[in-house]
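We count ligands from 1, going down the list as the structure has it; atoms in each ligand are counted the same way. Note that the structure is a prediction, hence the values are computed from the model and not measured.
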Amino acid sequence: MNLGKYLSISQEVQEALAAGKPVVALESTIISHGMPYPKNVETALNVERIIREHGAVPATIAIIKGKITVGCSHEEIEYLGKRGLDVPKASRRDLPVLLARGEDGATTVTTTMIGASLAGIRVFATGGIGGVHRGAETTMDISADLEELAQTPVMVVCAGCKSILDIGLTLEYLETKGVPVLGYQTKEMPAFYTTHSGHQVDYAVEDAEEAARIFKAKLDCDLKGGILMTNPIPPQYAMDLDYINENIDKALRECEERGIKGKAITPFLLDKIQKLTGGASLEANIQLVYHNAALGAEIAKAMARN
Ligand code: PSU
Ligand code: MN
């Protein structure tokens with residue numbers, strides 16, 4: 001590999017990794033495409049602070065001027081948040097083009113996993129992942145996040161997936177690809193805004209130590225690919241199931257009527273749901289990301305001890 005030219009790891013993250021300290025990767029699409037400015041920047045900086053308070057080092061990842069940047073500065077986070085949708089959303093297929101052209105990109109779960117893995121980071125905390133979209137049997141819209149989980153050895157801590165997706169088909173796809181889906185102290189797959197989805201995870205996990213042991217077993221046996229750790233939103237922040245599903249359905253209908261396609265679909269739906277719920281879903285989203293950051297840090301610490 002001839003990576004040097006394309007990878008830039010902050011000094012703090014380099015030092016932490018060299019010393020075997022816990023590091024948690026964070027994505028940038030959630031900043032520029034997932035939340036409005038300035039809440040996005042405020043949230044991203046709070047997430048970094050929470051990870052530090054839990055004794056780990058945060059590493060926000062983005063493409064900055066043609067480099068996969070692991071450990072963005074506060075200025076870079078502010079820049080990504082302010083530019084918002086003008087920063088191209090970068091999935092695996094976009095990466096070589098942005099790097100060769102020296103451009104910026106907001107990393108999705110997929111490209112954040114790639115950056116984390118290149119740097120040697122094993123755990124990544126975010127809000128939600130992409131998955132199999134409803135109606136994928138005709139559109140074939142299946143997020144590249146699932147393929148990345150199948151091939152890149154990173155544990156992704158999220159709050160499950162939203163019912164903008166077909167949760168049942170997403171779980172089937174992950175099973176086919178050999179990706180373990182774990183529930184943090186729960187057997188039910190959380191659905192982002194709610195703890196309830198009507199679907200089961202593969203295994204409920206007791207604590208961060210057990211999660212780290214499972215990850216280690218996967219690595220030790222060279223089983224390829226990552227692990228999905230789902231962490232339910234704290235109940236006090238969870239939304240009413242019928243209320244959120246009604247609004248998700250409205251957003252999906254508008255998406256179809258307006259003919260929104262491809263990588264624009266997920267950001268469109270997130271924005272629409274936030275507007276339809278008068279910001280209540282944004283608040284839930286922020287709280288679940290904080291919760292995942294804390295768990296990500298605990299898992300990173302357990303991995304560092306193993
Ligand atoms: N789901 C969320 N919030 C997000 C995303 C998904 O609840 O911000 C973002 C993540 O970056 C994820 C990407 O990797 O959307 C998936 O996009 P797509 O569906 O186009 O693969
Ligand atoms: Mn898609």
Kindly print each ligand 1 N/O atom paired with any protein N/O atom under 3.5 angstrom away, one pair per line, or none if nothing qualifies.
{"from": "ligand 1", "atom 1": "7 (O)", "to": "Lys162", "atom 2": "NZ", "distance (Å)": "2.1"}
{"from": "ligand 1", "atom 1": "11 (O)", "to": "Glu27", "atom 2": "OE1", "distance (Å)": "2.6"}
{"from": "ligand 1", "atom 1": "14 (O)", "to": "Val109", "atom 2": "N", "distance (Å)": "2.8"}
{"from": "ligand 1", "atom 1": "14 (O)", "to": "Asp145", "atom 2": "OD1", "distance (Å)": "3.3"}
{"from": "ligand 1", "atom 1": "14 (O)", "to": "Asp145", "atom 2": "OD2", "distance (Å)": "2.7"}
{"from": "ligand 1", "atom 1": "17 (O)", "to": "Lys89", "atom 2": "NZ", "distance (Å)": "3.1"}
{"from": "ligand 1", "atom 1": "19 (O)", "to": "Thr266", "atom 2": "OG1", "distance (Å)": "2.7"}
{"from": "ligand 1", "atom 1": "20 (O)", "to": "Lys89", "atom 2": "NZ", "distance (Å)": "2.7"}
{"from": "ligand 1", "atom 1": "21 (O)", "to": "Ser143", "atom 2": "OG", "distance (Å)": "2.7"}

Do the side chains of Glu256 and Lys261 get close enough for a salt bridge, i.e. N-O under 4.0 angstrom? no
Name every donor-acceptor pair, under 3.5 Å, that has one atom in a side chain of residues 227-238 and the other anywhere in the protein, sequence neighbours excluded.
{"from": "Thr230", "atom 1": "OG1", "to": "Leu182", "atom 2": "O", "distance (Å)": "2.8"}
{"from": "Asn231", "atom 1": "ND2", "to": "Asn292", "atom 2": "OD1", "distance (Å)": "3.0"}

Please test Asn247 against Thr277 for side-chain hydrogen bond (donor to acceptor under 3.5 Å, both in side chains), starting from the C-alpha separation and ending with a verdict. CA-CA 7 Å; Asn247 285 301; Thr277 62; over 6 Å; no
Which atom name would you report as the N, O or S atom of Asp141 nearest the Mn ion (ligand 2)? OD1
Residues in side-chain contact (heavy atoms from CB on, under 4.5 Å) contact with Thr152, at least two apart in sequence or another chain: Arg92, Met113, Ser117, Glu148, Val154
All N/O donor-acceptor pairs, side-chain side in residues 164-171, below 3.5 Å, sequence neighbours left out:
{"from": "Asp166", "atom 1": "OD1", "to": "Gly168", "atom 2": "N", "distance (Å)": "3.3"}
{"from": "Asp166", "atom 1": "OD1", "to": "Leu169", "atom 2": "N", "distance (Å)": "3.0"}
{"from": "Thr170", "atom 1": "OG1", "to": "Val132", "atom 2": "N", "distance (Å)": "3.0"}
{"from": "Thr170", "atom 1": "OG1", "to": "Asp166", "atom 2": "O", "distance (Å)": "2.8"}

Give, for atom OG of Ser197 and atom CD of Glu188, the distance between the pair rounded to the nearest 0.5 Å. 4.5 Å
